[in-house]
Amino acid sequence: MSTTWITVGTPLPSGPMRIAVTPAGVVTSDYLPGDTGASVPACTDPAKIDAVTGRITEYLAGRRRAPDLPIDWSRAGGAHRVVLRTLLTEVPYGRTITYGELAALSGVFEGITEPGLAARTVGQMMAANPVPLLVPCHRVVAADGIGGFGGGRVGIEVKRWLLTLEGVLEPTLDWNGPDWAEAAGRG
DNA sequence: CAGCCGTAGGTGA
DNA sequence: TCACCTACGGCTG
């Protein structure tokens, strides 16, 4: 499977994102475009670059409710994939769900009775989400707060930024995204 | 209210 | 294949 990278500039606190695409769709996205090995070449297909760049840019500008890019699910299998797909299809823009609620909704943890175990496992799965942003793992929060996020210290800032974009959180003074009042319908 | 701990899936070597 | 590391949450002191 040929994989190529596309770097997309964003207003996120973490800076540009790195998106890996295959013929099937987006297989990996990463908020922190580290030097992930030289074996993967940059994408040179203008159509793909336009689609990926355009839709992510529009989503982050508040002009689109989801990136709506095709996802290559090959990096997530079994229960992991079920949970990610449940999140993608059941939790809409501007809504949040707790780790425990998503666990129950996915139906993957039927036999688990240990309190908190299913929720923690979902946290693991979110942390291992191969396509953050496309699968809105930022909408999954802890029962008693915002929960965590990958990518070190800047990670939680990215989560807060995305939740602010979707009108879940109120913007801070350094908010650099689209007009929140307009996006929230308070015009 | 602030820790502590159980438990299982992902990831890198 | 193995060891290590968590993006939680209920319970205890």
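Convention: sequence-line order gives letters A, B, ...; per-chain numbering from 1. Note that the coordinates shown come from a computational prediction; the quantities given were computed from them, not determined experimentally.
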Parallel, tilted or perpendicular, as decided by the 30° and 60° cut-offs, for the rings of A/Y93 and A/Y59: perpendicular

Summary of protein contacts for nucleotides 7-13 of chain B, nucleotide by nucleotide, where a base hit scores B, a sugar-phosphate-only hit scores S (4.0 Å, heavy atoms): BBBSS--

Side chain to side chain donor-acceptor pair (under 3.5 Å) contacts in which one or both residues fall within residues 128-137 of chain A, not counting sequence neighbours: none

Pairs touching residues 125-139 of chain A that satisfy salt bridge (charged side-chain N to carboxylate O under 4.0 Å, His left out), sequence neighbours left out: A/R139-A/E166

Length of the CG-C1' vector between A/L87 and C/dA7, whole Å: 13 Å

Stem regions touching DNA chain C, defined by at least 3 consecutive Watson-Crick or wobble G-U pairs below 3.5 angstrom: B:1-6 with C:8-13, B:8-13 with C:1-6

Test item: A/V131 and A/T28 side chains (from C-beta on) under 4.5 Å apart, heavy atoms: no

Atom-pair distance (CG on A/D144; C1' on C/dC8), nearest Å: 8 Å

Candidate list A/V108, A/L84, A/V141, A/T86, test side chain to side chain contact (heavy atoms under 4.5 Å, CB included), partner A/L102, passing option: A/T86

Exercise: identify the closest heavy-atom pair between A/A20 and A/T3: CB-CG2, 3.9 Å

Under 3.5 Å donor-acceptor pairs involving side-chain atoms of residues 46-55 of chain A, not counting sequence neighbours:
{"unit_1": "A/T53", "atom_1": "OG1", "unit_2": "A/I49", "atom_2": "O", "d": "2.7"}
{"unit_1": "A/R55", "atom_1": "NH1", "unit_2": "A/D68", "atom_2": "O", "d": "2.5"}

Nearest-Å distance for atom pair OH/P, residues A/Y31 and C/dA7: 14 Å

Salt bridge (Lys or Arg N to Asp or Glu O under 4.0 Å) against A/E90, all qualifying residues, sequence neighbours excluded: none

Spacing of A/I146 atom CD1 relative to C/dG9 atom P, expressed in whole Å: 13 Å

Protein-nucleotide distance (A/L84, atom CG; C/dA7, atom P), rounded to Å: 15 Å

